[in-house]
Amino acid sequence: MLFPTHWTIDSLGNLFQTVTGSTPPKSQKDNYGCDVPFVKPPELLNSVIFETADNLSDKGASISRTLPSGSILISCIGNLGKVGINSKVVAFNQQINGIKADDSFVSKFMFYQALSPWFNSQLEELASGTTVPIVNKSKFNSIRVVLPPIPEQKCIVAILDQAFADIEQARAKTEQNLKNARELFESYLQQVFSQRGEGWENKPLGEVAELVDSLHTTPSYIETGGFPMVRVTEIKKSGLNLEKARRVDQETYEKFSKRHKSAVGDIILSRVGASYGVPVIVETDEPFCLGQNTIFILSKVNPYWLYYFLLSPIAKRQIDSVAAGSAQPTVSMKSIRALNLPIPSKSKQVELELKIKNVSAESKKLIKIYTEKLATLDELKKSILQKAFSGELTKEKEGAVA
């Protein structure tokens, strides 16, 4: 990358005072209190840090490491490259490296530079460790940065402030549109399943469907070949995803197949954890078996009618009301059989199924549009940052150096 010749280009360690955080001993309770905010990586949200979950006492801060307001804090262990700029004096833990604020640079300029692709690509290249990426202070100090004259730093910050404000305004509108698109489908399902037209009746799900649970053992998995095993992790609101499913051998598959062989139109429901109560409808003829905490629901009515009911807010409220446990919510087979299902005539089921599918398709189309727009806004931010730290935004090049 080329830079204006009048810009200083050097390493972080040569240009700034950098500091690695530390955690005061938790065994000494008087190290903690309400005097000095204590920053940890989850609180680095690429924005200004106003408050933190934990705080140190003045005693704890005196034996920890602190930074004056306007300093830059960067996560260098685990979730690399998350950035914050502090609005007041803070302490911070050992997973964070800081660039100490002083009069030699504009704090917001370095904050933006730490967010730039140029900075982050260096951070990722320096990371060591396979499971948890780590950039130690020595490597952190070797990151090359640019430092224009102070007036130009201020000019770049002003341009970025305005550009990012405009982008955030567009993002807020797009996120609201995305939320509305997602709620469109749920709202329509609520409308469909709350109406009670002529000829409708209510029946327990157990009367209109057969439930088949999984084998109650954890099988031995194989690396290649075999058959996918659907666990709760393969059950997504967007549908069944077998790409990363663990696989089992022929013997395990045949043992499960004696219970049920999967078929198009089957419904699978997760019974446990964060995805409890989430249904998917089988649309593949690839044979598979079920892992623990999942069940087949074999509908005796229109399977899509039952599937859309299970997706509806009405079913969700019923399921939530019978889920047991807080850390790991679980829905029993008995509770699922007792779900109250509204059923119209067969012809009405088909008619409403087609309408629901049309609303679903429209909702998915809008969700795709707004999701792609959010990705475009993210790329725009990266592009603007790239231009900012190559000198293109200020157009004051007198030649360039690499």
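Just so it is clear, the structure is predicted and the values come from calculations on it, not from any experiment.
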Start with the C-alpha gap between L205 and L306, add the side-chain angles, then the distance that decides, and say whether side-chain contact (heavy atoms from CB on, under 4.5 Å) holds. CA-CA 9 Å; L205 187 146; L306 179 51; 3.6 Å; yes
Evaluate the criterion side-chain hydrogen bond (donor to acceptor under 3.5 Å, both in side chains) for residue pair Q162 and D166; output intermediate values, then yes/no. CA-CA 6 Å; Q162 184 60 58; D166 293 342; 3.0 Å; yes
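- For the pair S71 (side chain) and A101 (backbone), a donor-acceptor distance under 3.5 Å is present.
- In this structure, Y308 and Y304 have tilted ring planes: the angle between them lies in the 30° to 60° band.
- Using modelled atom types and a 3.5 Å distance limit, the side chains of S138 and N136 yield no donor-acceptor pair.
- Contact check for W305 versus K348: no side-chain heavy atoms found under the 4.5 Å cut-off.
- For F16, the ring-ring contact (aromatic ring centres under 6.0 Å, His included) partners at least two apart in sequence or on another chain are F105.
- Here the side chains of V135 and I74 are not in contact, with every heavy-atom distance at 4.5 Å or above.
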Full working for ring-ring contact (aromatic ring centres under 6.0 Å, His included) between Y112 and F164: CA-CA 11 Å; Y112 281 132; F164 281 20; 5.2 Å; yes
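- Looking only at distances, no side-chain donor or acceptor of E51 sits under 3.5 Å from a matching main-chain atom of P37.
- The CG atom of L56 sits 9.0 Å away from the CG atom of D35 when rounded to the nearest 0.5 Å.
- Here the side chain of S64 pairs a donor or acceptor atom with the backbone of S22 at under 3.5 angstrom.
- The number of heavy-atom neighbours closer than 6.0 Å to NZ of K368, taken from other residues, nucleotides and ligands shown, is 12 or below.
- Between P68 and D102 the shortest side-chain heavy-atom distance does not fall below 4.5 Å.
- Taking each heavy atom of V248 and P219 in turn, the nearest pair found is CG1-CG, 3.8 Å.
- Screening residues 329-355 for ring-ring contact (aromatic ring centres under 6.0 Å, His included), with sequence neighbours left out, gives no hits.
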The test is side-chain contact (heavy atoms from CB on, under 4.5 Å); show your working for Q386 and E392 and say whether it passes. CA-CA 9 Å; Q386 188 75 3; E392 292 182 48; over 6 Å; no
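- Under the 6.0 Å distance and 45° angle rule, K316 counts as a cation-pi partner of Y276.
- In this view, D30 and K59 satisfy the salt bridge (Lys or Arg N to Asp or Glu O under 4.0 Å) rule, not counting sequence neighbours.
- Looking at N86 and F92, their side chains never come closer than 4.5 Å, going by heavy atoms from C-beta outward.
- The backbone N or O of E379 sits nowhere less than 3.5 Å from a side-chain atom of S383 that would complete a donor-acceptor pair.
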Please evaluate residues K355 and E351 with respect to the criterion salt bridge (Lys or Arg N to Asp or Glu O under 4.0 Å), reporting the C-alpha separation (whole Å), side-chain torsions for both, the decisive distance (0.1 Å), and the verdict. CA-CA 7 Å; K355 290 181 178 179; E351 175 192 334; 3.3 Å; yes
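- At distances below 3.5 Å, at least one donor-acceptor pair connects side-chain atoms of D266 with backbone N or O atoms of A263.
- Side-chain contact, H6 with E152: a donor N or O sits under 3.5 Å from an acceptor N or O.
- For residues 174-184, the side chain to side chain donor-acceptor pair (under 3.5 Å) pairs, not counting sequence neighbours, are R171-E175, Q176-N180, K179-E183.
- Side chain of R246 to main chain of M229: no donor-acceptor pair is present (N/O by atom type, distance under 3.5 Å, no hydrogens or angles).
- A distance of 9.0 Å separates CG of D58 from SG of C34, quoted to the nearest 0.5 Å.
- In this structure, the side chain of R337 does not engage the main chain of P204 through any donor-acceptor pair within 3.5 Å.
- A salt bridge links E168 and K381; the closest N-O separation between the charged side-chain nitrogens and carboxylate oxygens is under 4.0 Å.
- W7 is listed as a side-chain neighbour of P149, based on a closest heavy-atom distance under 4.5 Å.
- Between atom CG of residue N79 and atom CG of residue L44 there is a gap of 9.0 Å, rounded to the nearest 0.5 Å.
- With Q122 contributing its side chain and R144 its backbone, the two residues share a donor-acceptor pair below 3.5 Å.
- Counting non-hydrogen atoms of other residues, nucleotides and ligands closer than 6.0 Å to NZ of K203 gives a total of 12 or fewer.
- In this structure, T66 has no side-chain hydrogen bond (donor to acceptor under 3.5 Å, both in side chains) partners at least two apart in sequence or on a different chain.
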With ring-ring contact (aromatic ring centres under 6.0 Å, His included) as the criterion, how do F389 and F109 come out once you've worked through the C-alpha distance, each side chain's angles and the decisive distance to 0.1 Å? CA-CA 10 Å; F389 297 100; F109 177 84; 5.1 Å; yes
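- A distance of 11.5 Å separates NE2 in H260 from CG in L211, rounded to the nearest 0.5 Å.
- Remark: the T18 side chain and the N97 side chain contain no N/O donor-acceptor pair separated by less than 3.5 Å.
- A salt bridge does not link K255 to E251: none of the charged side-chain nitrogens sits closer than 4.0 Å to a carboxylate oxygen.
- Judged purely by atom type and a 3.5 angstrom limit, K236 uses its side chain to pair as donor or acceptor with the backbone of T233.
- In this structure, K387 places its NZ atom where only 12 or fewer heavy-atom neighbours from other residues, nucleotides or ligands lie under 6.0 Å away.
- Side-chain contact between F140 and L126 is absent, with no heavy atoms from C-beta onward closer than 4.5 Å.
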Tabulate below the donor-acceptor pairs under 3.5 Å that side-chain atoms of residues 292-299 make, not counting sequence neighbours, or state none.
residue : atom : partner : partner atom : Å
Q292    : NE2  : T218    : OG1          : 2.7
T294    : OG1  : G291    : O            : 2.6
S299    : OG   : V301    : N            : 3.1
S299    : OG   : V301    : O            : 2.8

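- Contact annotation: the side chain of T52 never approaches that of V90 to less than 4.5 Å [non-hydrogen atoms, C-beta and beyond].
- For E124 (side chain) and S121 (main-chain N/O), no donor-acceptor pair under 3.5 Å exists by modelled atom type.
- In plain terms, the two heavy atoms of I314 and Q190 that are nearest each other are CG1-OE1, 3.5 Å.
- Side chains of F38 and N55 form no contact here, defined as non-hydrogen atoms less than 4.5 Å apart.
- Side chains of Q95 and S75: a donor-acceptor N/O pair is absent below 3.5 angstrom, by distance only.
- Between K108 and D161 a salt bridge is recorded (basic side-chain N to carboxylate O distance below 4.0 Å).
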